[in-house]
2 protein chains.
Amino acid sequence: MSEVAATGISVLLVDDHPIVRQGYRRVLESQGDLHVVAEADNAADAYGAFKAHDPDVVVLDISMPGASGLEAIRNIRARSPRARILVFTMHNEAVLVKAAFGAGASGFVTKSSEPSAVVGAIRAVARGERAMSDDIAHVLAEDSLSSGSVLDQLGEREIEILRQFAGGATTEQIAAYLNLSVKTVQNYHYLIKTKTGARTDAQLVRLAATCGLTRI
Amino acid sequence: MSEVAATGISVLLVDDHPIVRQGYRRVLESQGDLHVVAEADNAADAYGAFKAHDPDVVVLDISMPGASGLEAIRNIRARSPRARILVFTMHNEAVLVKAAFGAGASGFVTKSSEPSAVVGAIRAVARGERAMSDDIAHVLAEDSLSSGSVLDQLGEREIEILRQFAGGATTEQIAAYLNLSVKTVQNYHYLIKTKTGARTDAQLVRLAATCGLTRI
DNA sequence: TGCAGCTCGGGCAAATTTCCCAAGCCGGAT
DNA sequence: ATCCGGCTTGGGAAATTTGCCCGAGCTGCA
């Protein structure tokens with residue numbers, strides 16, 4: 001089993017959409033050198049699957065119910081520093097990308113990338129290199145020039161909650177989704193408003209939209 | 001080439017994520033009776049691809065950059081009323097679902113559905129039936145309590161107040177601006193929410209934005 | 001070791017939201 | 001003419017949320 005590296009790259013797929021996982025699995029396995037050895041549909045299960053299968057690369061979507069995907073990254077990296085994690089998501093906000101790399105990700109690829117680019121990123125990550133898709137590089141480049149966004153003053157959790165909220169989720173839904181008490185979500189809501197200076201929920205939504213946190 | 005229908009179901013895949021398309025393609029083709037005859041990565045190209053390949057079913061994600069997926073549905077249906085379109089997306093808001101069916105979709109399935117459910121929906125749609133995943137049925141059922149076509153049901157005053165609110169104005173500001181009591185504005189706020197089915201201020205803002213009531 | 005910052009939640013008064021209701025007005029139907 | 005229905009305007013009261021303060025655990029950093 002430990003000879004997998006000699007015959008190819010073993011992959012753990014983490015995504016909450018079953019059909020998406022199945023699709024990726026087929027795409028990756030058609031490559032010959034990539035083998036999906038396990039799947040997980042939430043962050044909590046991700047580490048268990050990682051431990052059980054010791055894959056060369058973890059490919060995961062960070063937007064999942066339950067614990068945050070960033071949490072999963074930290075979780076895995078904390079116990080297995082040699083783990084290679086490739087974030088694969090539809091989001092392309094600079095804050096998220098930086099948070100992911102900060103949490104220990106080795107790569108960040110958006111779903112709008114060409115399959116060949118994704119596969120290339122997996123191989124690069126497996127070799128221990130850092131990888132990111134062109135659009136992500138572009139976003140990071142833009143961001144590095146113009147710092148000082150309102151989002152910079154917000155913590156990771158605050159941004160996550162703001163995203164959910166601006167997306168139209170109720171306090172209860174957010175609390176359930178993130179496994180927090182309603183009270184905590186309310187407090188974050190308030191905190192975010194004071195930090196950003198928004199007096200109204202509507203202003204908050206507009207703010208989130210202009211920062212690219214949510215699309216309307 | 002025109003005998004595809006006799007040997008199975010031809011499918012046009014429309015999704016802006018290349019690897020997602022490729023994944024779906026493999027999942028569908030593994031079914032034996034489903035054949036992906038074309039792909040498109042945006043709403044604008046969808047009709048061209050439809051015309052060129054005349055697929056039995058169009059499977060498309062409505063959340064795409066550029067022209068709306070709803071636009072694509074209308075586009076196709078306007079010129080080819082016999083087209084069968086299955087919306088396949090991660091969104092599950094009632095407004096979207098109703099808009100999709102209103103635009104002429106034959107089915108609506110979320111990406112969190114089991115692959116078997118998705119495949120079943122494609123077959124059902126190909127047979128001319130209407131199809132939707134369980135979660136969508138649930139969302140619509142909830143929503144059917146307060147049906148209606150979103151903005152048309154609002155009066156002049158309600159629309160004016162919604163515009164102000166979505167623009168970021170506070171209740172007091174609106175009341176002062178329109179020479180109304182705060183209480184009246186609050187009541188309108190509530191009325192608008194119930195009429196539109198928005199459960200959250202954020203949803204209200206998004207609604208106003210999508211209706212062109214406010215710019216962000 | 002200690003400080004700073006993030007995360008998480010309790011508490012509590014003040015404010016807002018949620019509904020229910022009433023009244024005036026106006027246009028259209030009877 | 002009259003009545004019905006919908007829009008506009010607001011009161012009232014209960015239920016929730018907000019605004020703000022607080023403490024505790026944790027992590028990173030000096």
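Just so it is clear, the values below take in all heavy atoms, side chains as well, and ignore hydrogens, waters and symmetry mates. Fair warning: this is a prediction, and the values are worked out from it, not measured in the lab. To find a chain, count down the sequence lines: A is the first, B the second, and so on, and within it residues start at 1.
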Task: Separation of D:dT8 C1' from B:I159 CD1 (nearest whole Å) - done: 14 Å
- [ ] Applying side-chain contact (heavy atoms from CB on, under 4.5 Å), name anything that partners A:E158, two or more places apart in sequence or on another chain.
- [x] A:L154, A:Y188, A:L191, A:I192, A:K195
Open item on the list: Just to verify, what does A:T214 make a side-chain contact (heavy atoms from CB on, under 4.5 Å) with, not counting sequence neighbours?
Closed with: A:A166, A:A208, A:A209, B:R206
Open item on the list: Once ring-ring contact (aromatic ring centres under 6.0 Å, His included) is applied, do any residues pair with A:Y47, and if so which ones, sequence neighbours excluded?
Closed with: none
Open item on the list: Strictly distance-based, threshold 3.5 Å: is any side-chain N or O of A:T110 a donor or acceptor partner for the main-chain N or O of A:M90?
Closed with: no
Task: chain A footprint on DNA chain C, 5' to 3' - any atom under 4.0 Å from a heavy atom - done: C:dT7 to C:dC12
Task: Non-neighbouring partners of A:F108 that pass ring-ring contact (aromatic ring centres under 6.0 Å, His included), sequence neighbours left out - done: none
Distance-only check: which donor-acceptor pairs under 3.5 Å involve side-chain atoms of residues 171-179 of chain B, not counting sequence neighbours?
unit_1	atom_1	unit_2	atom_2	d
B:Q173	OE1	B:T170	N	3.0

Open item on the list: For A:R21, give me all partners under side chain to side chain donor-acceptor pair (under 3.5 Å), at least two apart in sequence or on another chain.
Closed with: A:E39
TODO: Please list residues of residues 175-193 of chain B whose heavy atoms come under 4.0 Å from any atom in DNA chain C, ordered by number; otherwise none.
DONE: B:K183, B:Q186, B:N187, B:H189, B:Y190, B:K193
Open item on the list: Heavy atoms only, 4.0 Å cut-off, all strands: where does B:E160 land among base, sugar-phosphate and nothing?
Closed with: nothing
Open item on the list: Taking Watson-Crick (N1-N3 plus N6-O4 or O6-N4) and G-U wobble (N1-O2, O6-N3), each under 3.5 Å, can you produce the dot-bracket string of DNA chain D? Use [ ] for crossing pairs and | for inter-strand ones.
Closed with: ||||||||||||||||||||||||||||||
Task: ring-ring contact (aromatic ring centres under 6.0 Å, His included) involving A:F50 - partner list, sequence neighbours excluded - done: none
TODO: Mind checking ring-ring contact (aromatic ring centres under 6.0 Å, His included) for A:H189 and listing every partner two or more places apart, or none if nothing turns up?
DONE: A:F165
- [ ] Measure from CD1 on B:I161 to P on D:dG10 and round the result to the nearest Å.
- [x] 10 Å
Open item on the list: Using the side chain to side chain donor-acceptor pair (under 3.5 Å) criterion, which residues pair with A:T89? Sequence neighbours excluded.
Closed with: A:D61
